[in-house]
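Worth knowing before you read on, the calculation uses all heavy atoms, side chains too, and leaves out hydrogens, waters and symmetry mates. Below, chain A is the first sequence line, B the second, and so on; all start at residue 1.
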Amino acid sequence: MMRLYNTLTHAEDTFAPAVDNTVRMYTCGLTVYARGHIGNFRTFVCVDVLRRTLKHLLGYRMLHVMNFTDVDDRTIAGAQKAGMDLRAYTDQYIATFLEDARALGLEEVEEMPRATDEVNLRAMADLVGALDKSGHTYRSDGSVYFKISSLPDYGRLARLDHEGMKPGARVDSDNYAKEDARDFVLWKAAKDGEPAWDIVDPPGRPGWHLECSAMALRLLGGPPIDIHAGGIDLIFPHHENEIAQSEAATGKPFSRFWVHVEYLLVDDRKMSKSLGNTYTIPDVVARGYRPSAVRYLLLSAHYRKQLNFTWASLTQAEESLTRLTDFLARVDAVTRQGSHPEIAERVDEGRKAFAEAMQDDLNTAAALGAIFELVRALNSAIDAGEIGAGDVPAVRDAFDRFDRVLGVLSLRRAEDEQPPVPVEEVERLIEERHAVRRRRDFATADQIRNDLAARGVLLEDSAAGTRWKRK
RNA sequence: GGCGCCGUCGCCAAGUGGUAAGGCAGAGGUCUGCAAAACCUCCACCCCCGGUUCAAAUCCGGGCGGCGCCUCCA
């Protein structure tokens with residue numbers, strides 16, 4: 001049974017899908033005006049872990065939508081500056097997103113719609129039509145607005161106290177005329193040189209909030225959907241407004257659960273493009289770190305706590321992951337015959353602890369703790385010769401299951417399979433070193449080992465032979 | 001000004017009433033040609049001050065410090 005924190009109720013609620021065994025989930029994806037940074041990806045990695053937990057640990061079917069926002073002020077400005085067509089401009093960043101998503105081991109979701117797809121624009125127009133009909137809209141200066149005063153329930157998610165709002169706080173950053181500062185734009189008036197679609201009266205382009213509601217409702221079926229997820233900064237206004245327009249249009253609750261991922265900080269400040277303190281996956285790789293370590297780091301803290309990114313903690317993540325993959329290599333090397341029932345018992349304990357932690361509002365830190373405790377117990381058994389080939393399948397199966405949820409071990413191992421020195425050369429040098437070691441020419445043997453280490457390949461000798469690994 | 005979150009070992013990080021998981025780094029040891037890996041041992045009065053309780057990292061009150069939201073944001 002999964003307990004999941006729900007922003008709507010401010011409590012951990014027990015989660016199960018409302019209909020059948022299928023979880024219908026929507027994640028607010030990236031606005032594709034620039035390459036996503038690792039702060040953006042913290043949200044996507046955490047949502048990926050939620051998805052994997054629901055799918056692989058709890059056995060639900062997933063119908064998961066994550067969108068690309070490919071039309072807004074920033075994408076339009078970026079395309080104009082680059083002298084490119086909006087579609088071509090945003091294509092670039094969709095491509096880099098997919099590249100980074102693959103590097104971070106994000107599972108493919110069922111649907112990745114983009115706002116400017118014809119079918120989605122049509123869904124948005126329909127939504128505006130429904131809101132027109134039910135009297136929740138007005139038009140001003142060629143834009144269509146949502147009238148907050150028509151929805152008494154407005155503000156339930158963010159629980160903002162409008163009486164106490166700071167006089168100087170930003171209000172109404174849009175340059176459009178509104179009746180009430182809290183009203184938001186559904187459909188923005190066409191402007192010269194900007195893309196516009198003649199699909200709503202008057203022609204224009206979608207407001208940010210509209211697209212998510214329309215695509216969620218179109219692709220996930222009748223509301224309420226099960227889970228709506230995104231970064232914590234989207235609670236207000238984005239998600240509040242999605243709720244308003246969706247519920248006003250359908251008369252039904254929009255989403256049963258709202259899941260929000262806390263910020264990634266850097267130097268104790270929010271990582272954001274506007275502060276200029278962002279790192280992308282290529283930035284991290286250029287510094288000699290691997291995407292798997294980024295994923296591990298993002299997983300090592302609870303998703304509802306701020307996580308301060310430092311290069312030191314990324315180094316620690318690399319080391320922790322190495323401990324895990326070294327262990328897996330040791331398990332693979334077990335050749336002793338037979339089996340020991342207490343191994344299976346210990347593995348079961350670990351699996352249970354892992355499952356309980358994940359179901360406790362995705363307590364990934366505790367789940368990793370359970371894994372490391374199991375690793376120590378099993379390493380100990382390997383040293384003592386108290387594990388046999390008969391035990392290995394159960395161990396492998398357990399770690400496969402852990403990793404279907406965390407998605408980090410197989411990612412690491414896949415990276416390991418692309419060493420900086422060709423495998424044939426490594427193997428040839430190991431043979432060469434083996435020969436000189438037999439002659440007790442340790443100076444040459446150490447030379448070979450040092451040379452390889454300098455090129456990023458580490459050798460480890462043991463009774464069973466020499467194994468190599470990527471640094 | 002209003003609202004919210006957070007403060008646990010040198011670093012990262014679980015733990016929300018029963019006496020502090022785990023990882024990284026460090027010290028000593030076992031093993032090893034050496035190294036690495038692995039194992040064993042060691043390493044925390046939980047920001048401060050009050051209170052409640054048989055019992056508090058955990059609950060309550062008050063400080064101090066940090067982060068965020070209040071219509072660009074993942």
Side-chain angles (χ1 to χ4, degrees), chain A residues 10 27-31 36-47 72-74 158-174 178 181-185 208-209 229-238 240-241 260-265 268-275 296-297 300-302 304-308 310 312-324 326-327 329-330 353 357 360 363-373 375-376 379-384 437 440 442-443 445-446 449-450 453 458-463 466-467 469:
Chain A
H10 283 224
T27 304
C28 289
L30 195 65
T31 299
H37 55 73
I38 58 178
N40 299 131
F41 279 105
R42 179 184 190 191
T43 296
F44 304 135
V45 166
C46 290
V47 167
D72 81 319
D73 292 347
R74 292 168 298 168
R159 303 189 183 196
L160 288 181
D161 169 15
H162 284 276
E163 308 308 311
M165 288 226 280
K166 191 179 186 175
R170 281 172 303 168
V171 164
D172 189 16
S173 74
D174 274 320
K178 294 193 257 189
R182 292 149 67 210
D183 291 345
F184 60 91
V185 67
W208 178 32
H209 318 303
I232 195 166
D233 44 354
L234 299 186
I235 293 176
F236 191 85
H238 185 51
E240 195 66 66
N241 291 348
H260 293 103
V261 179
E262 255 290 357
Y263 292 124
L264 185 68
L265 310 180
D268 293 310
R269 310 280 306 171
K270 175 180 173 181
M271 181 178 286
S272 76
K273 285 161 188 154
S274 48
L275 290 173
Y296 183 96
L297 177 61
S300 62
H302 189 84
R304 285 195 289 115
K305 263 187 143 178
Q306 292 176 348
L307 170 58
N308 190 38
T310 63
S313 53
L314 194 54
T315 301
Q316 291 172 13
E318 294 274 4
E319 295 305 324
S320 303
L321 259 179
T322 300
R323 176 166 164 81
L324 294 175
D326 280 354
F327 163 74
R330 288 193 90 197
D360 179 16
N363 192 341
T364 45
L368 286 168
I371 290 178
F372 278 107
E373 283 180 350
V375 164
R376 182 158 35 75
N379 265 328
S380 204
I382 292 172
D383 282 354
R437 281 182 79 209
R440 304 194 65 78
F442 294 119
D446 290 351
R449 188 170 60 196
N450 292 341
L458 301 179
L459 299 188
E460 285 177 14
D461 300 322
S462 74
T466 299
R467 129 175 156 60
K469 66 179 179 187

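Rounded to whole Å, atom C1' of C39(B) lies 15 Å from atom CD of Glu460(A). Distance CG (Asn450(A)) to C1' (A36(B)): 12 Å, rounded to an integer number of Å. When rounded to the nearest whole Å, the span between CG of Leu458(A) and C1' of A38(B) equals 16 Å. One atom, CD of Gln316(A), and another, C1' of C9(B), lie 13 Å apart when rounded to the nearest Å. For the pair Glu262(A) CD and G4(B) C1', the computed distance is 10 Å after rounding to whole Å. Note: CZ (Phe236(A)) to C1' (C3(B)) measures 12 Å, nearest angstrom. Atoms CG (Leu265(A)) and C1' (G7(B)) sit 14 Å apart, rounded to a whole Å. Here the P atom of nucleotide A13(B) and the CD atom of Glu319(A) are 17 Å apart, to the nearest Å.
Out of A37(B), A13(B), G22(B), the shortest distance to the side chain of Phe372(A) is found at G22(B). Nearest to the side-chain atoms of Gln306(A) among the listed nucleotides C67(B), A14(B), A74(B) stands C67(B). The side chain of Arg437(A) has G33(B) as its nearest neighbour among C67(B), A36(B), G33(B). Residue His37(A) places its side chain closer to A74(B) than to any other of G33(B), A36(B), A74(B).
If you check C69(B) for Watson-Crick or wobble pairing at under 3.5 angstrom, you find it paired to G2(B). With both pairing distances under 3.5 Å, C31(B) is matched to nothing as a Watson-Crick or G-U wobble pair. Applying the Watson-Crick and G-U wobble criteria (two distances, each under 3.5 Å), U16(B) pairs with nothing in any strand. The partner of G10(B) is C24(B), by the rule that a Watson-Crick or G-U pair needs both atom distances under 3.5 Å. Of all nucleotides present, none satisfies the Watson-Crick or G-U wobble test against A37(B) with each distance under 3.5 Å. In this structure, G61(B) forms a base pair with C49(B), meeting either the Watson-Crick or the G-U wobble geometry with both donor-acceptor distances under 3.5 Å.
OP1 or OP2 of C69(B) lies within a sub-4.0 Å distance of a side-chain N or O belonging to Tyr263(A). Contact check, Arg323(A) against C39(B): a side-chain N or O comes under 4.0 Å of OP1 or OP2. Residue Lys270(A) places none of its side-chain N or O atoms closer than 4.0 Å to OP1 or OP2 of A74(B). Not one side-chain nitrogen or oxygen of Ser313(A) sits closer than 4.0 Å to the OP1 or OP2 atom of C24(B). Listed pair Arg269(A) / G68(B) meets the phosphate criterion, a side-chain N or O lying under 4.0 Å from OP1 or OP2.
Under the ring-ring contact (aromatic ring centres under 6.0 Å, His included) criterion, Tyr296(A) pairs with no residue at all, not counting sequence neighbours. The salt bridge (charged side-chain N to carboxylate O under 4.0 Å, His left out) check on Lys469(A) picks up Asp326(A), Glu460(A), with sequence neighbours excluded. Applying the ring-ring contact (aromatic ring centres under 6.0 Å, His included) test to His209(A) and every residue at least two apart in sequence or in another chain returns Phe184(A), His238(A). Every residue meeting the salt bridge (charged side-chain N to carboxylate O under 4.0 Å, His left out) condition with Asp461(A), not counting sequence neighbours, appears here in chain and number order: Arg433(A), Arg437(A), Arg449(A). Arg42(A) is linked by a salt bridge (charged side-chain N to carboxylate O under 4.0 Å, His left out) to nothing, counting only residues two or more places apart in sequence or in another chain.
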Side chain to side chain contact (heavy atoms under 4.5 Å, CB included) between Ile371(A) and Arg376(A), intermediate numbers included: CA-CA 9 Å; Ile371(A) 290 178; Arg376(A) 182 158 35 75; over 6 Å; no
Stepwise side chain to side chain contact (heavy atoms under 4.5 Å, CB included) check, Ser320(A) with Phe372(A): CA-CA 9 Å; Ser320(A) 303; Phe372(A) 278 107; 4.1 Å; yes
Step-by-step side chain to side chain contact (heavy atoms under 4.5 Å, CB included) determination, Val261(A) to Arg304(A): CA-CA 6 Å; Val261(A) 179; Arg304(A) 285 195 289 115; over 6 Å; no
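Across all strands shown, Thr27(A) has no heavy atoms under 4.0 Å from either base or sugar-phosphate atoms. Ala312(A) comes within 4.0 angstrom of nothing in the nucleic acid, heavy atoms only. If you check every strand for non-hydrogen atoms under 4.0 Å, Asp446(A) touches a base. The residue Asp461(A) sits close to a base: some heavy atom pair falls under 4.0 Å. At the heavy-atom level, Leu459(A) lies under 4.0 Å from base atoms of the strands shown. Using a 4.0 Å heavy-atom cutoff across all strands shown, Gly39(A) reaches at least one base atom of the nucleic acid. Counting any heavy atom pair closer than 4.0 Å across all strands shown, Leu307(A) reaches sugar-phosphate atoms only and no base atom.
Asp360(A) contributes no side-chain N or O that, together with a main-chain N or O of Asn363(A), makes up a donor-acceptor pair within less than 3.5 Å.
Between the side chains of Ser462(A) and Arg467(A), no donor-acceptor pair of N or O atoms lies under 3.5 Å.
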Can you check nucleotides 15-21 of chain B for protein contacts, nitrogen or oxygen pairs under 3.5 Å, and list what you find?
residue: G15(B); atom: OP1; partner: Asn363(A); partner atom: ND2; Å: 3.0
residue: A21(B); atom: O3'; partner: Glu373(A); partner atom: OE2; Å: 3.4
residue: A21(B); atom: O2'; partner: Glu373(A); partner atom: OE2; Å: 2.2

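U19(B) and U58(B) have their P atoms separated by 15 Å, with the value rounded to a whole Å. Here, U8(B) and G22(B) have their C1' atoms 13 Å apart, quoted to the whole Å.
Contact of Asp383(A) with C31(B) (side chain to base): no donor-acceptor pair of N or O atoms is detected under 3.5 Å. Side-chain atoms of Asp233(A) and base atoms of G68(B) include no donor and acceptor less than 3.5 Å apart. In terms of polar N and O atoms assigned as donor or acceptor, the side chain of Arg42(A) never comes within less than 3.5 Å of the base of A74(B) in a complementary pairing.
Stacking here means ring centres nearer than 5.5 Å and ring planes tilted less than 30 degrees, and by that measure Phe442(A) stacks onto G33(B).
Nearer to the 5' terminus of RNA chain B, by closest-nucleotide assignment, is the contact made by His10(A) (compared with the other of Gly231(A) and His10(A)). Comparing His238(A) and Asn308(A), the nucleotide of RNA chain B nearest to each residue sits closer to the 5' end for Asn308(A).
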